[in-house]
Amino acid sequence: MATTTAVPPAPPRRVNRIGLEQAAYKGNKSTLCAGCGHNAISERIIEAFYEMGVEPHRVIKLSGIGCSSKSPAYFMRTSHGFNAVHGRMPSVATGAMLANRHLIAIGVSGDGDTASIGIGQFVHLMRRNLPIIYIIEDNGCYGLTKGQFSATADIGSVLKTGVVNDLPPIDTCALAIQLGATYVARSFSGDKRQLLALLEGAIAHRGTAMLDVISPCVTFNDHEGSTKSYSYVKDHDEPLGDLSFVPFFEDITVDYDPGTTKEITLHDGSRLLLKKLGEDYDPTNKVEALRVLTESHERGEVVTGLFYVNTQRPDFLQLMNLVDEPLATLPESRVRPPQAALDEVMESLR
Ligand SMILES: Cc1ncc(C[n+]2csc(CCOP(=O)(O)OP(=O)(O)O)c2C)c(N)n1
Ligand code: SF4
């Protein structure tokens, strides 16, 4: 007698709020070293855009040069992309956002690409508050060119060859806060939960969201004596609070004891909940953010979390007073000044 084996039902397809599977947010297979922190960051970026239900065609991925700057190839293959020259991604990003203000920009840079050759462009990007998610994949070295110290390497840290760094580091978070960026955080590639919440918050924010993510280079900077190794960061990580993210499309009421949690409402109505771990921390206070960064660095701690958020400051595109329709698609008849206006300008110059 023939027996029939029951076929188990296929697992339900998991889709996000716009009906896409997570596969729609993936990119090419990574060519970076196995275990490189940059790979984990790409995975969190895929998850964050998927969870937020962002249409991939609305996103533009930008980068400079370095192992980190190769990362945009490994997520969201159907998004727009531009791989700029070393340290020059901010100006390309500024042009792209001026041309089409409806894009969502994500820039991926390295600590070399940002804090060394690109520092001039970086500081002006921060003070403009251009809407962009700007990620520094920070391994304290130039991975692509075989691990020389970068400008974020801590004083006293040691290269594999025994060379000791005797210059002080540039703290990109302190710099970004001081200059005017409006969402500034530090995280660790190995902290999935915190990094995902920070990325989702960055997508919901309107302005420059600068995330410095410690991302160990397993090939050149993961040994004893390095302060950017997996073991050093795990042993010295001091999170500012327990961070969770509630997207605007989930009508979740969160109960918490008064005084234990700070709630921040972002531009699209999403919320960040910062549950107190140690001291009471207010991420809307710029002075406090700079104090915490300075003091924790002096104690040798790697403080992580959302340091500063400002939802009030206008972004660069608002300051430019741009029309809603992207400049890139405005017809020539609307961008060319009429003859009378040109005559007036000429007359004013006589
Ligand atoms: C104009 C220019 N100068 C120098 C280089 C050499 N170079 C390539 S990548 C790099 C540094 C990359 O370091 P980082 O941005 O920290 O990225 P990582 O490789 O560590 O992810 C340098 C100096 C270059 N490509 N172009
Ligand atoms: S050299 Fe370092 S930074 Fe580059 S891919 Fe390998 S582990 Fe990552």
Side-chain angles (χ1 to χ4, degrees), residues 27-45 61-75 81-93 106-123 125-126 132-155 157-161 163 165 167-173 175-176 186-191 195 210-234 302:
N28 299 338
K29 193 172 176 324
S30 171
T31 57
L32 303 181
C33 305
C36 175
H38 303 351
N39 288 327
I41 301 173
S42 296
E43 283 168 25
R44 296 294 84 68
I45 292 172
K61 310 175 291 181
L62 302 126
S63 62
I65 299 291
C67 298
S68 33
S69 293
K70 288 164 75 176
S71 296
Y74 314 135
F75 59 86
F82 197 101
N83 186 200
V85 289
H86 205 8
R88 269 59 178 173
M89 174 255 280
S91 48
V92 177
I106 174 163
V108 180
S109 180
D111 40 304
D113 191 64
T114 288
S116 297
I117 196 167
I119 194 78
Q121 295 228 343
F122 174 73
V123 293
L125 184 75
M126 296 301 119
I132 184 171
I133 304 150
Y134 187 99
I135 298 173
I136 304 177
E137 299 191 338
D138 188 354
N139 52 22
C141 73
Y142 302 163
L144 191 69
T145 54
K146 300 203 176 304
Q148 303 86 344
F149 282 127
S150 78
T152 66
D154 284 308
I155 207 161
S157 59
V158 186
L159 282 186
K160 260 183 162 176
T161 51
V163 177
N165 178 38
L167 291 173
I170 293 176
D171 187 331
T172 50
C173 289
L175 200 55
R186 176 164 289 135
S187 192
F188 170 42
S189 63
D191 188 341
L195 181 54
M210 205 296 288
L211 270 58
D212 177 54
V213 186
I214 314 285
S215 175
C217 168
V218 285
T219 305
F220 296 110
N221 205 10
D222 196 32
H223 50 274
E224 186 147 357
S226 159
T227 58
K228 303 275 196 250
S229 65
Y230 280 108
S231 61
Y232 187 92
V233 182
K234 277 181 193 149
V302 183

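If you read the sequence from its start, that first residue is 1, and numbering goes on from there. Each ligand, and each atom within it, is numbered from 1 in the order the structure gives.
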Which protein non-hydrogen atom lies closest to atom 24 (C) of ligand 1, naming both residue and atom, and how far is it? His86 CD2, 3.5 Å

Please state which protein non-hydrogen atom is closest to atom 25 (N) of ligand 1 and give its distance, to 0.1 Å? Ile65 CG2, 3.7 Å

In terms of atom number and element, which parts of ligand 2 are under 4.0 angstrom from non-hydrogen atoms of Asn139? 3 (S)

Tyr134 and Leu125, any side-chain heavy atoms less than 4.5 Å apart: yes

The closest protein heavy-atom partner of atom 16 (O) of ligand 1 is Gly112 N, 2.8 Å

If you count the atoms of ligand 1 from 1 in the order shown, which ones are under 4.0 Å from a heavy atom of Leu144? 9 (S), 19 (O)

Check each heavy atom of Ser109 against ligand 1 and say whether those closer than 4.0 Å belong to the side chain, the backbone, both or neither. neither

Short list, please: which atoms of ligand 1 are under 4.0 Å from a heavy atom of Thr145? 6 (C), 7 (N), 8 (C), 22 (C)

State the atoms of ligand 2, each with its element, that fall below the 4.0 Å cut-off from a heavy-atom position in Thr219. 6 (Fe), 7 (S)

Starting from atom 15 (O) of ligand 1, locate the nearest protein heavy atom and write down its residue, its atom name and how far away it is, to 0.1 Å. Asp113 N, 2.7 Å

Atom 21 (O) of ligand 1 - nearest protein heavy atom and its distance: Ser68 OG, 2.7 Å

So the atoms of ligand 2 within less than 4.0 Å of a heavy atom of Leu32 turn out to be 5 (S)

I need the atoms of ligand 1 closer than 4.0 Å to a non-hydrogen atom of Cys67, numbered in the order shown. 18 (P), 19 (O), 21 (O)

Show the atoms of ligand 2 that are less than 4.0 angstrom away from any heavy atom in His38. 3 (S)

Would you say Cys141 and ligand 1 have an N/O pair spaced under 3.5 Å apart? yes

Using a 4.0 Å heavy-atom cut-off, say whether Cys67 meets ligand 2 through its side chain, its backbone, both or neither. side chain

With heavy-atom distances below 4.0 Å as the criterion, list the atoms of ligand 2 near Phe220. 1 (S)

To the nearest 0.1 Å, how far is atom 2 (Fe) of ligand 2 from its closest protein heavy atom, and which atom is that? Cys217 SG, 2.3 Å

Using a 4.0 Å heavy-atom threshold (strictly under), name the region of Asn139 that reaches ligand 1: side chain, backbone, both or neither. side chain

Run down the list Asn39, Asn221, Val218 and name the one with the heavy atom closest to atom 7 (S) of ligand 2. Val218

Strictly under 4.0 Å, does any heavy atom of Gln148 approach an atom of ligand 1? no

Side chain to side chain contact (heavy atoms under 4.5 Å, CB included), paired with Asn221, selected from Ser157, Ser229, Ser226: Ser226

Check whether any N, O or S atom of Cys33 sits under 2.8 Å from atom 6 (Fe) of ligand 2. yes

For atom 13 (O) of ligand 1, grab the closest protein heavy atom and report residue, atom and distance to one decimal in Å. Tyr142 CA, 3.4 Å

Decide whether an N or O pair under 3.5 Å exists between His38 and ligand 1. yes

Atom 1 (C) of ligand 1 has as its nearest protein heavy atom Ile117 CD1, 3.7 Å

What's the shortest distance from atom 20 (O) of ligand 1 to any protein heavy atom, and which residue and atom give it? Gly143 N, 2.8 Å

